[in-house]
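Here is the structure we will look at.
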Amino acid sequence: MKVLFVTSEVATVYKLGGLGDVSYALPAALRRLGVNVTIALPYYARIKLKGAKCIGPLAVSWDGRRELVFVFLAKLANTRVPLLLFRHPFLNEYRGDKEMDSPTRFAFFCQTVATFITVEAVNGEHFDIIHCNDWHTSLLPLLLGESPKVFIGAKETLAAKATKTILTIHNPAFHGVIEASLVGKIALDRRQFHMLREWGPPYINLLREGLEYADVITTVSPTFAKEMLKENYGPHVTAVLRKRKDRLIGILNGLDPDLWKPEYSIKNALKEKLAIKAHLRQALRLPETTVPVFGFVGRLDKNQKGLDILLPSVENLLKKRAIQFVMLGTGAPSVVRMIEKVTAKYGASFAFIHTFDERLARKIYAGADILLVPSKYEPCGLTQMIAMRYGTIPLVRKTGGLADTVEDGVTGFVFEKYRASSLVEAMERAKRVWQEPKTWGKMVKAAMRQDFSWKRSAREYRALYKTLIQTKAP
Ligand code: GLC
(Lines give C-alpha, C1' and ligand atoms only; values in the text may rest on other atoms or scores of the structure.)
Protein backbone atom coordinates (compact mmCIF):
# COMPACT_ATOMS: atom_id res chain seq x y z
CA MET A 1 0.00 0.00 0.00
CA LYS A 2 1.48 3.33 -1.07
CA VAL A 3 0.06 6.54 0.36
CA LEU A 4 0.76 10.17 -0.50
CA PHE A 5 -0.13 12.54 2.35
CA VAL A 6 -0.57 16.01 0.88
CA THR A 7 -0.56 19.02 3.18
CA SER A 8 0.19 22.75 3.47
CA GLU A 9 2.23 22.45 6.69
CA VAL A 10 4.30 19.93 8.65
CA ALA A 11 5.71 20.44 12.15
CA THR A 12 9.53 20.63 12.28
CA VAL A 13 9.54 21.88 8.66
CA TYR A 14 6.89 24.61 8.48
CA LYS A 15 4.09 24.84 11.01
CA LEU A 16 1.27 27.33 11.49
CA GLY A 17 -1.11 25.35 13.70
CA GLY A 18 -2.71 22.04 14.61
CA LEU A 19 -2.66 20.78 11.02
CA GLY A 20 1.14 20.94 11.14
CA ASP A 21 1.24 18.72 14.22
CA VAL A 22 -1.06 16.15 12.64
CA SER A 23 0.88 16.18 9.36
CA TYR A 24 4.02 15.28 11.28
CA ALA A 25 2.71 12.74 13.77
CA LEU A 26 0.19 10.80 11.69
CA PRO A 27 2.53 9.86 8.82
CA ALA A 28 5.21 8.96 11.39
CA ALA A 29 2.78 6.68 13.23
CA LEU A 30 1.59 5.13 9.95
CA ARG A 31 5.20 4.34 9.01
CA ARG A 32 5.67 2.65 12.38
CA LEU A 33 2.69 0.44 11.47
CA GLY A 34 4.40 -0.47 8.21
CA VAL A 35 2.37 1.80 5.89
CA ASN A 36 4.45 3.17 3.02
CA VAL A 37 3.51 6.83 3.34
CA THR A 38 5.23 9.87 1.81
CA ILE A 39 4.43 13.52 2.53
CA ALA A 40 4.04 16.19 -0.19
CA LEU A 41 4.53 19.84 0.80
CA PRO A 42 5.27 23.08 -1.10
CA TYR A 43 8.92 24.11 -0.73
CA TYR A 44 8.23 27.56 0.75
CA ALA A 45 11.20 29.91 0.58
CA ARG A 46 11.30 30.08 4.36
CA ILE A 47 11.84 26.33 4.76
CA LYS A 48 15.38 25.63 5.84
CA LEU A 49 16.15 21.95 5.47
CA LYS A 50 19.46 20.20 5.45
CA GLY A 51 19.91 17.32 3.08
CA ALA A 52 17.01 17.94 0.69
CA LYS A 53 18.05 16.49 -2.68
CA CYS A 54 16.66 17.61 -6.01
CA ILE A 55 15.25 14.54 -7.76
CA GLY A 56 14.32 16.29 -10.96
CA PRO A 57 12.23 18.87 -12.74
CA LEU A 58 8.55 18.42 -13.42
CA ALA A 59 6.68 20.17 -16.25
CA VAL A 60 3.32 21.35 -15.00
CA SER A 61 0.62 22.76 -17.32
CA TRP A 62 -0.70 26.03 -16.01
CA ASP A 63 -2.45 28.91 -17.68
CA GLY A 64 -1.56 27.72 -21.18
CA ARG A 65 2.15 27.35 -20.37
CA ARG A 66 4.43 24.74 -18.92
CA GLU A 67 5.87 25.67 -15.57
CA LEU A 68 9.01 23.95 -14.40
CA VAL A 69 8.74 22.76 -10.81
CA PHE A 70 11.75 21.27 -9.04
CA VAL A 71 11.03 18.26 -6.87
CA PHE A 72 13.14 17.68 -3.77
CA LEU A 73 13.30 14.67 -1.51
CA ALA A 74 14.18 14.81 2.18
CA LYS A 75 13.49 12.86 5.36
CA LEU A 76 11.17 14.14 8.04
CA ALA A 77 13.24 14.75 11.20
CA ASN A 78 13.37 11.81 13.64
CA THR A 79 11.14 9.63 11.48
CA ARG A 80 11.37 7.28 8.51
CA VAL A 81 8.93 9.36 6.49
CA PRO A 82 10.10 10.59 3.06
CA LEU A 83 9.17 14.20 2.39
CA LEU A 84 8.63 15.51 -1.15
CA LEU A 85 9.04 19.27 -1.57
CA PHE A 86 7.91 21.17 -4.64
CA ARG A 87 9.85 24.32 -5.51
CA HIS A 88 8.47 26.99 -7.79
CA PRO A 89 8.19 30.80 -7.47
CA PHE A 90 4.38 30.46 -7.09
CA LEU A 91 4.97 28.31 -4.02
CA ASN A 92 7.45 30.54 -2.23
CA GLU A 93 5.17 32.31 0.21
CA TYR A 94 2.53 31.14 2.64
CA ARG A 95 1.70 32.80 5.92
CA GLY A 96 -1.87 31.77 6.56
CA ASP A 97 -5.18 32.15 4.93
CA LYS A 98 -5.43 35.91 4.81
CA GLU A 99 -3.48 36.44 1.63
CA MET A 100 -5.80 36.92 -1.28
CA ASP A 101 -3.74 34.88 -3.67
CA SER A 102 -3.40 31.81 -1.47
CA PRO A 103 -6.15 29.80 -3.16
CA THR A 104 -4.51 30.21 -6.59
CA ARG A 105 -1.19 29.18 -5.09
CA PHE A 106 -2.66 26.01 -3.63
CA ALA A 107 -4.58 25.24 -6.82
CA PHE A 108 -1.20 25.33 -8.55
CA PHE A 109 0.24 23.10 -5.83
CA CYS A 110 -2.59 20.59 -6.44
CA GLN A 111 -1.96 20.69 -10.18
CA THR A 112 1.73 20.05 -9.47
CA VAL A 113 1.06 17.11 -7.18
CA ALA A 114 -1.50 15.66 -9.62
CA THR A 115 1.11 15.87 -12.40
CA PHE A 116 3.70 14.24 -10.16
CA ILE A 117 1.32 11.38 -9.34
CA THR A 118 0.60 10.79 -13.01
CA VAL A 119 4.29 10.83 -13.98
CA GLU A 120 5.08 8.41 -11.16
CA ALA A 121 2.33 6.09 -12.38
CA VAL A 122 3.80 6.15 -15.89
CA ASN A 123 7.10 5.13 -14.31
CA GLY A 124 5.42 2.21 -12.57
CA GLU A 125 5.32 3.92 -9.16
CA HIS A 126 1.69 3.88 -8.31
CA PHE A 127 0.07 5.57 -5.28
CA ASP A 128 -2.98 3.73 -3.95
CA ILE A 129 -4.21 6.48 -1.66
CA ILE A 130 -3.96 10.25 -1.88
CA HIS A 131 -4.70 11.70 1.54
CA CYS A 132 -5.61 15.42 1.29
CA ASN A 133 -5.99 17.88 4.16
CA ASP A 134 -8.25 20.94 4.32
CA TRP A 135 -9.05 23.34 1.46
CA HIS A 136 -5.40 23.79 0.41
CA THR A 137 -5.20 20.34 -1.11
CA SER A 138 -8.86 19.62 -1.76
CA LEU A 139 -8.70 20.20 -5.51
CA LEU A 140 -6.69 17.01 -5.92
CA PRO A 141 -9.59 14.52 -6.06
CA LEU A 142 -11.10 16.48 -8.96
CA LEU A 143 -7.76 16.81 -10.75
CA LEU A 144 -7.21 13.08 -10.45
CA GLY A 145 -10.62 12.42 -11.94
CA GLU A 146 -11.63 10.36 -8.99
CA SER A 147 -15.32 9.93 -9.06
CA PRO A 148 -16.77 8.62 -12.30
CA LYS A 149 -20.23 9.44 -10.98
CA VAL A 150 -19.64 13.14 -11.39
CA PHE A 151 -16.77 13.01 -13.81
CA ILE A 152 -18.00 14.35 -17.11
CA GLY A 153 -16.36 14.16 -20.47
CA ALA A 154 -12.59 14.02 -20.21
CA LYS A 155 -10.81 10.68 -20.23
CA GLU A 156 -9.63 9.12 -17.03
CA THR A 157 -6.02 9.91 -16.30
CA LEU A 158 -3.61 7.07 -15.92
CA ALA A 159 -3.16 7.67 -12.24
CA ALA A 160 -6.84 7.82 -11.55
CA LYS A 161 -7.51 4.22 -12.46
CA ALA A 162 -6.77 2.76 -9.09
CA THR A 163 -6.04 5.77 -6.96
CA LYS A 164 -8.41 6.52 -4.12
CA THR A 165 -8.69 9.87 -2.38
CA ILE A 166 -9.42 10.92 1.18
CA LEU A 167 -10.08 14.46 2.31
CA THR A 168 -9.56 15.18 6.00
CA ILE A 169 -11.24 18.29 7.36
CA HIS A 170 -9.36 20.00 10.17
CA ASN A 171 -11.30 23.21 9.97
CA PRO A 172 -14.44 23.58 7.81
CA ALA A 173 -14.57 27.34 8.35
CA PHE A 174 -11.85 27.94 5.75
CA HIS A 175 -12.79 27.25 2.15
CA GLY A 176 -10.33 28.71 -0.32
CA VAL A 177 -12.64 30.80 -2.49
CA ILE A 178 -11.41 31.80 -5.90
CA GLU A 179 -12.63 33.44 -9.10
CA ALA A 180 -13.84 31.04 -11.73
CA SER A 181 -11.08 32.14 -14.12
CA LEU A 182 -8.97 29.57 -12.31
CA VAL A 183 -10.62 26.91 -14.41
CA GLY A 184 -8.95 28.38 -17.49
CA LYS A 185 -5.55 28.07 -15.84
CA ILE A 186 -6.06 24.41 -15.10
CA ALA A 187 -7.45 23.67 -18.56
CA LEU A 188 -10.12 21.31 -17.33
CA ASP A 189 -13.68 20.98 -18.46
CA ARG A 190 -15.66 23.80 -16.85
CA ARG A 191 -18.51 21.44 -16.17
CA GLN A 192 -16.45 19.48 -13.67
CA PHE A 193 -16.37 22.45 -11.33
CA HIS A 194 -19.28 23.72 -9.29
CA MET A 195 -19.62 27.33 -10.32
CA LEU A 196 -21.11 29.49 -7.61
CA ARG A 197 -22.61 32.83 -8.36
CA GLU A 198 -24.74 34.41 -5.68
CA TRP A 199 -22.84 37.68 -5.94
CA GLY A 200 -20.53 39.29 -8.48
CA PRO A 201 -18.55 37.15 -10.91
CA PRO A 202 -18.75 33.36 -10.65
CA TYR A 203 -16.41 31.72 -8.20
CA ILE A 204 -15.29 28.33 -6.98
CA ASN A 205 -15.03 27.02 -3.46
CA LEU A 206 -12.00 24.70 -3.29
CA LEU A 207 -13.13 22.88 -0.15
CA ARG A 208 -16.45 22.14 -1.79
CA GLU A 209 -14.76 20.56 -4.81
CA GLY A 210 -12.91 18.26 -2.44
CA LEU A 211 -16.10 17.34 -0.60
CA GLU A 212 -17.79 16.53 -3.91
CA TYR A 213 -15.03 14.41 -5.41
CA ALA A 214 -13.14 12.69 -2.57
CA ASP A 215 -13.92 9.01 -2.10
CA VAL A 216 -14.08 9.45 1.65
CA ILE A 217 -14.30 12.54 3.86
CA THR A 218 -12.92 12.35 7.35
CA THR A 219 -12.69 14.78 10.20
CA VAL A 220 -10.63 14.71 13.36
CA SER A 221 -13.07 13.47 16.01
CA PRO A 222 -16.27 11.36 16.01
CA THR A 223 -18.31 14.04 17.79
CA PHE A 224 -17.27 16.71 15.31
CA ALA A 225 -18.29 14.44 12.44
CA LYS A 226 -21.84 14.61 13.81
CA GLU A 227 -21.77 18.28 14.82
CA MET A 228 -20.42 19.41 11.49
CA LEU A 229 -23.64 18.26 9.80
CA LYS A 230 -25.76 20.42 12.07
CA GLU A 231 -23.72 23.60 11.83
CA ASN A 232 -23.79 26.07 9.01
CA TYR A 233 -20.43 26.48 7.31
CA GLY A 234 -21.91 28.23 4.33
CA PRO A 235 -24.43 26.80 1.89
CA HIS A 236 -21.90 25.14 -0.38
CA VAL A 237 -20.04 23.29 2.29
CA THR A 238 -22.90 22.32 4.57
CA ALA A 239 -25.21 21.08 1.81
CA VAL A 240 -22.49 18.92 0.28
CA LEU A 241 -21.49 17.49 3.65
CA ARG A 242 -25.08 16.50 4.28
CA LYS A 243 -25.40 15.03 0.81
CA ARG A 244 -22.32 12.88 1.36
CA LYS A 245 -22.80 12.06 5.02
CA ASP A 246 -22.58 8.33 4.32
CA ARG A 247 -18.99 8.98 3.24
CA LEU A 248 -18.09 11.02 6.33
CA ILE A 249 -16.29 9.55 9.33
CA GLY A 250 -14.57 10.93 12.42
CA ILE A 251 -11.18 9.63 13.56
CA LEU A 252 -9.81 11.16 16.75
CA ASN A 253 -6.36 12.75 16.48
CA GLY A 254 -3.59 11.61 18.77
CA LEU A 255 -0.80 13.28 20.68
CA ASP A 256 2.88 12.71 20.04
CA PRO A 257 4.14 11.41 23.40
CA ASP A 258 7.77 12.18 22.56
CA LEU A 259 7.05 15.75 21.56
CA TRP A 260 4.99 16.36 24.70
CA LYS A 261 6.80 14.76 27.57
CA PRO A 262 6.68 16.19 31.09
CA GLU A 263 9.93 16.03 33.03
CA TYR A 264 8.13 14.42 35.93
CA SER A 265 6.32 11.14 36.52
CA ILE A 266 2.75 10.61 37.70
CA LYS A 267 4.13 9.86 41.17
CA ASN A 268 5.91 13.15 41.75
CA ALA A 269 3.74 15.33 39.49
CA LEU A 270 2.01 17.30 42.23
CA LYS A 271 5.26 18.30 43.89
CA GLU A 272 7.07 19.12 40.65
CA LYS A 273 4.17 21.08 39.30
CA LEU A 274 4.22 23.29 42.38
CA ALA A 275 7.86 24.19 41.71
CA ILE A 276 7.13 24.90 38.03
CA LYS A 277 4.15 27.04 39.00
CA ALA A 278 6.41 29.11 41.26
CA HIS A 279 8.81 29.61 38.32
CA LEU A 280 5.98 30.53 36.01
CA ARG A 281 4.67 33.12 38.47
CA GLN A 282 8.11 34.55 38.88
CA ALA A 283 8.74 34.73 35.14
CA LEU A 284 5.41 36.48 34.53
CA ARG A 285 5.57 38.67 37.64
CA LEU A 286 2.47 37.21 39.23
CA PRO A 287 2.58 37.23 43.03
CA GLU A 288 2.61 34.02 45.09
CA THR A 289 -0.95 33.61 46.32
CA THR A 290 -3.31 30.89 47.43
CA VAL A 291 -5.52 31.07 44.33
CA PRO A 292 -5.21 28.63 41.42
CA VAL A 293 -3.54 29.56 38.12
CA PHE A 294 -5.82 29.18 35.11
CA GLY A 295 -4.22 29.23 31.67
CA PHE A 296 -5.08 29.55 27.97
CA VAL A 297 -2.71 28.63 25.16
CA GLY A 298 -3.60 28.87 21.49
CA ARG A 299 -4.62 30.87 18.50
CA LEU A 300 -6.65 33.90 19.62
CA ASP A 301 -9.40 33.22 17.12
CA LYS A 302 -12.58 34.96 18.14
CA ASN A 303 -14.89 32.81 16.02
CA GLN A 304 -13.56 29.48 17.15
CA LYS A 305 -11.72 29.58 20.43
CA GLY A 306 -14.43 31.06 22.63
CA LEU A 307 -12.75 34.34 23.51
CA ASP A 308 -16.03 36.23 23.73
CA ILE A 309 -17.16 34.09 26.66
CA LEU A 310 -13.66 33.60 28.06
CA LEU A 311 -12.81 37.24 28.70
CA PRO A 312 -15.94 38.21 30.69
CA SER A 313 -15.69 34.97 32.68
CA VAL A 314 -12.07 35.52 33.56
CA GLU A 315 -12.85 39.12 34.45
CA ASN A 316 -15.68 37.99 36.69
CA LEU A 317 -13.31 35.81 38.74
CA LEU A 318 -10.41 38.26 38.68
CA LYS A 319 -12.71 40.88 40.14
CA LYS A 320 -13.34 38.57 43.07
CA ARG A 321 -9.60 37.91 43.34
CA ALA A 322 -10.44 34.23 42.97
CA ILE A 323 -7.89 33.24 40.31
CA GLN A 324 -4.74 34.17 38.47
CA PHE A 325 -4.78 33.94 34.69
CA VAL A 326 -2.07 33.35 32.12
CA MET A 327 -2.78 33.72 28.41
CA LEU A 328 -0.41 32.93 25.54
CA GLY A 329 -1.12 33.24 21.83
CA THR A 330 -1.36 35.48 18.82
CA GLY A 331 -4.36 36.93 17.11
CA ALA A 332 -5.95 39.77 15.19
CA PRO A 333 -5.36 43.34 16.52
CA SER A 334 -9.04 43.74 17.47
CA VAL A 335 -8.87 40.64 19.68
CA VAL A 336 -5.59 41.75 21.22
CA ARG A 337 -7.16 45.12 22.10
CA MET A 338 -10.06 43.33 23.81
CA ILE A 339 -7.62 41.34 25.92
CA GLU A 340 -5.46 44.33 26.74
CA LYS A 341 -8.49 46.15 28.11
CA VAL A 342 -8.84 43.44 30.72
CA THR A 343 -5.13 43.25 31.53
CA ALA A 344 -5.13 47.03 32.06
CA LYS A 345 -7.56 46.49 34.92
CA TYR A 346 -6.26 43.28 36.43
CA GLY A 347 -2.62 43.21 35.33
CA ALA A 348 -1.44 42.09 38.77
CA SER A 349 -3.24 38.76 38.35
CA PHE A 350 -3.47 38.51 34.55
CA ALA A 351 -0.40 37.88 32.41
CA PHE A 352 -0.94 38.13 28.65
CA ILE A 353 1.90 37.17 26.35
CA HIS A 354 1.15 38.05 22.77
CA THR A 355 3.58 35.76 20.93
CA PHE A 356 3.88 32.16 19.97
CA ASP A 357 6.57 30.91 22.30
CA GLU A 358 6.76 27.14 22.48
CA ARG A 359 8.98 27.09 25.59
CA LEU A 360 6.66 29.33 27.52
CA ALA A 361 3.71 27.29 26.28
CA ARG A 362 5.32 24.21 27.82
CA LYS A 363 5.84 26.06 31.08
CA ILE A 364 2.16 26.94 31.16
CA TYR A 365 1.10 23.40 30.30
CA ALA A 366 3.22 22.16 33.21
CA GLY A 367 2.81 24.98 35.71
CA ALA A 368 -0.86 25.97 35.48
CA ASP A 369 -3.50 24.22 37.59
CA ILE A 370 -6.30 24.41 35.05
CA LEU A 371 -6.25 24.98 31.29
CA LEU A 372 -9.28 26.64 29.70
CA VAL A 373 -10.52 25.50 26.28
CA PRO A 374 -13.97 27.08 25.92
CA SER A 375 -14.15 26.74 22.11
CA LYS A 376 -17.31 27.49 20.20
CA TYR A 377 -16.37 24.59 17.94
CA GLU A 378 -13.30 22.38 18.04
CA PRO A 379 -12.75 19.67 15.41
CA CYS A 380 -10.26 17.97 17.72
CA GLY A 381 -8.08 20.31 19.75
CA LEU A 382 -4.63 19.48 20.99
CA THR A 383 -4.09 21.66 24.06
CA GLN A 384 -6.54 19.74 26.25
CA MET A 385 -4.62 16.53 25.53
CA ILE A 386 -1.26 18.18 26.18
CA ALA A 387 -2.59 19.61 29.45
CA MET A 388 -3.70 16.17 30.63
CA ARG A 389 -0.33 14.69 29.81
CA TYR A 390 1.26 17.33 32.05
CA GLY A 391 -1.25 16.76 34.85
CA THR A 392 -2.96 20.09 34.26
CA ILE A 393 -6.72 19.76 34.40
CA PRO A 394 -8.54 20.87 31.25
CA LEU A 395 -11.80 22.78 31.53
CA VAL A 396 -13.52 22.48 28.16
CA ARG A 397 -16.77 23.08 26.40
CA LYS A 398 -18.62 19.94 25.37
CA THR A 399 -17.94 20.12 21.66
CA GLY A 400 -16.04 18.18 18.98
CA GLY A 401 -12.82 16.55 20.08
CA LEU A 402 -13.04 18.23 23.48
CA ALA A 403 -16.15 16.17 24.23
CA ASP A 404 -14.35 13.04 23.02
CA THR A 405 -11.22 13.47 25.14
CA VAL A 406 -12.24 14.99 28.49
CA GLU A 407 -14.40 13.25 31.06
CA ASP A 408 -16.22 15.58 33.44
CA GLY A 409 -15.16 15.20 37.05
CA VAL A 410 -12.65 12.48 36.16
CA THR A 411 -9.97 13.91 33.87
CA GLY A 412 -11.28 17.46 33.63
CA PHE A 413 -14.30 19.72 33.73
CA VAL A 414 -16.88 19.99 30.98
CA PHE A 415 -19.58 22.62 30.45
CA GLU A 416 -22.19 22.63 27.75
CA LYS A 417 -23.84 25.95 26.93
CA TYR A 418 -21.83 28.49 25.00
CA ARG A 419 -22.26 31.37 27.43
CA ALA A 420 -20.13 33.13 30.02
CA SER A 421 -22.36 32.17 32.97
CA SER A 422 -21.83 28.45 32.23
CA LEU A 423 -18.10 28.95 31.95
CA VAL A 424 -17.97 30.91 35.23
CA GLU A 425 -19.93 28.15 36.93
CA ALA A 426 -17.50 25.52 35.66
CA MET A 427 -14.49 27.60 36.71
CA GLU A 428 -15.92 27.96 40.20
CA ARG A 429 -16.60 24.23 40.33
CA ALA A 430 -13.03 23.52 39.24
CA LYS A 431 -11.72 25.84 41.92
CA ARG A 432 -13.74 24.09 44.62
CA VAL A 433 -12.33 20.70 43.64
CA TRP A 434 -8.85 22.19 43.45
CA GLN A 435 -9.27 23.15 47.11
CA GLU A 436 -9.69 19.48 48.02
CA PRO A 437 -6.16 18.14 47.59
CA LYS A 438 -7.15 14.48 47.72
CA THR A 439 -9.74 14.63 44.96
CA TRP A 440 -7.52 16.94 42.93
CA GLY A 441 -4.58 14.55 43.21
CA LYS A 442 -6.79 11.77 41.91
CA MET A 443 -7.87 13.84 38.93
CA VAL A 444 -4.30 14.80 38.09
CA LYS A 445 -3.31 11.13 38.10
CA ALA A 446 -6.33 10.08 36.02
CA ALA A 447 -5.56 12.81 33.47
CA MET A 448 -1.90 11.80 33.19
CA ARG A 449 -2.85 8.16 32.67
CA GLN A 450 -4.87 8.90 29.53
CA ASP A 451 -3.49 7.33 26.39
CA PHE A 452 -3.92 9.51 23.32
CA SER A 453 -1.23 7.80 21.29
CA TRP A 454 -1.21 8.22 17.53
CA LYS A 455 -0.99 4.46 17.21
CA ARG A 456 -4.74 4.13 17.77
CA SER A 457 -5.57 6.83 15.18
CA ALA A 458 -3.04 5.48 12.70
CA ARG A 459 -4.62 2.03 12.98
CA GLU A 460 -8.00 3.49 12.10
CA TYR A 461 -6.58 5.33 9.08
CA ARG A 462 -4.77 2.18 7.95
CA ALA A 463 -8.02 0.20 8.16
CA LEU A 464 -9.76 2.92 6.15
CA TYR A 465 -7.02 2.89 3.48
CA LYS A 466 -7.36 -0.90 3.20
CA THR A 467 -11.14 -0.79 2.81
CA LEU A 468 -10.83 1.91 0.18
CA ILE A 469 -8.26 0.03 -1.84
CA GLN A 470 -10.48 -3.03 -1.87
CA THR A 471 -13.44 -1.04 -3.15
CA LYS A 472 -13.54 -1.23 -6.92
CA ALA A 473 -14.31 1.85 -8.92
CA PRO A 474 -17.92 1.65 -10.13
C1 GLC B 1 -7.54 22.56 13.38
C2 GLC B 1 -8.70 22.44 14.38
C3 GLC B 1 -8.29 21.71 15.63
C4 GLC B 1 -7.61 20.39 15.28
C5 GLC B 1 -6.45 20.65 14.31
C6 GLC B 1 -5.76 19.37 13.86
O7 GLC B 1 -6.59 23.45 13.86
O8 GLC B 1 -9.18 23.73 14.72
O9 GLC B 1 -9.43 21.43 16.43
O10 GLC B 1 -7.11 19.79 16.45
O11 GLC B 1 -6.92 21.30 13.15
O12 GLC B 1 -6.63 18.44 13.30
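In this chain, numbering begins with 1 at the start of the sequence shown.
Scanning both residues, Lys261 and Tyr390, for their nearest heavy atoms gives N-OH, 3.6 Å. Contact record, Leu30 with Ala458: CD2-O, 3.5 Å, taken as the closest heavy-atom pair. Here the shortest heavy-atom pairing between Asp408 and Val414 reads OD1-N, 2.8 Å. The two residues Gly401 and Gln384 make their nearest non-hydrogen contact at O-NE2, 3.8 Å. Shown here for Leu229 and Leu241, the closest heavy-atom pair between the two residues is CD2-O, 3.6 Å. Heavy atoms only, all atoms of each residue included: Val336 and Phe352 are closest at CG1-CE2, 4.0 Å.
Aromatic ring centres of Phe70 and His88 lie farther apart than the 6.0 Å criterion allows. The aromatic ring centres of Phe90 and Phe109 sit 6.0 Å or more apart.
Using a 4.5 Å heavy-atom cutoff, the side chains of Leu68 and Leu58 are not in contact. Counting heavy atoms from C-beta outward, Leu84 and Ile55 have side chains that approach closer than 4.5 Å. Under the 4.5 Å side-chain criterion, counting only non-hydrogen atoms from C-beta, Leu143 is in contact with Ile186. Met427 places a side-chain heavy atom less than 4.5 Å from the side chain of Leu372. Between Thr392 and Ile370 the shortest side-chain heavy-atom distance does not fall below 4.5 Å. Side-chain contact between His131 and Val6 is absent, with no heavy-atom pair separated by less than 4.5 Å. In this structure, Leu468 and Asp128 have side chains that are not in contact, with every pair of non-hydrogen atoms separated by 4.5 Å or more. Proximity of Thr355 to Leu328: side-chain heavy atoms (C-beta onward) are separated by under 4.5 Å at one or more points.
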Please tabulate, for side-chain N and O atoms in residues 170-183, each donor-acceptor pair with protein atoms closer than 3.5 Å (sequence neighbours left out).
from   : atom 1 : to     : atom 2 : distance (Å)
His170 : NE2    : Asn133 : OD1    : 2.9
Asn171 : OD1    : Ala173 : N      : 3.1
Asn171 : OD1    : Tyr377 : OH     : 2.8
Asn171 : ND2    : Gln304 : OE1    : 3.2
His175 : ND1    : Asn205 : ND2    : 3.2
His175 : NE2    : Pro172 : O      : 2.8
His175 : NE2    : Tyr233 : O      : 3.2

Name every donor-acceptor pair, under 3.5 Å, that has one atom in a side chain of residues 33-47 and the other anywhere in the protein, sequence neighbours excluded.
from  : atom 1 : to    : atom 2 : distance (Å)
Asn36 : OD1    : Arg31 : NH2    : 2.7
Tyr44 : OH     : Ser8  : O      : 2.7
Arg46 : NH2    : Tyr14 : OH     : 3.4

Exercise. Can Ile339 and Met327 be said to form a side-chain contact (heavy atoms from CB on, under 4.5 Å), step by step?
Worked result: CA-CA 9 Å; Ile339 299 168; Met327 190 169 200; 3.8 Å; yes
For this session: Go through the steps to decide whether Leu207 and Asp134 satisfy the test side-chain contact (heavy atoms from CB on, under 4.5 Å), and finish with yes or no.
Result: CA-CA 7 Å; Leu207 182 66; Asp134 274 352; 5.5 Å; no
Problem set entry | ring pair (Phe, Tyr, Trp, His ring centres under 6.0 Å) assessment of Phe86 paired with Phe116 | CA-CA 10 Å; Phe86 295 86; Phe116 177 80; 5.5 Å; yes
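Rounded to the nearest 0.5 angstrom, Phe106 CZ and Ser138 OG are separated by 11.0 Å.
In this structure, Glu125 pairs ionically with Lys2, as a charged nitrogen and a carboxylate oxygen lie closer than 4.0 Å. Classification of Arg359 and Asp357 as a salt-bridged pair fails, no side-chain N sitting under 4.0 Å from a carboxylate O. With respect to Lys302 and Asp308, no salt bridge is recorded, no charged nitrogen being found less than 4.0 Å from a carboxylate O.
Using modelled atom types, one finds no donor on one side chain facing an acceptor on the other under 3.5 Å when comparing Glu378 with Thr399. There is a side-chain donor-acceptor pair under 3.5 Å between His194 and Glu209.
Cation-pi geometry between Arg459 and Trp454 is not met: the NZ or CZ atom fails to fall both under 6.0 Å from the ring centre and inside 45° of the normal.
Thr218 pairs by the side-chain contact (heavy atoms from CB on, under 4.5 Å) definition with Ile166, Thr168, Val216, Ile249, Tyr461, Leu464, not counting sequence neighbours. Listed by chain and residue number, Ile251, Arg456 satisfy the side-chain contact (heavy atoms from CB on, under 4.5 Å) test with Glu460 (two or more places apart in sequence, or in another chain). Remark: Arg462 engages no residue in a salt bridge (Lys or Arg N to Asp or Glu O under 4.0 Å) (not counting sequence neighbours). Taking Arg208 as the reference, Glu212 meet the salt bridge (Lys or Arg N to Asp or Glu O under 4.0 Å) condition, with sequence neighbours excluded.
Between the side chain of Arg247 and the main chain of Asp215, a donor-acceptor pair closer than 3.5 Å is present. Within the 3.5 Å criterion, the main-chain N or O of Val373 finds no donor-acceptor partner in the side chain of Arg397.
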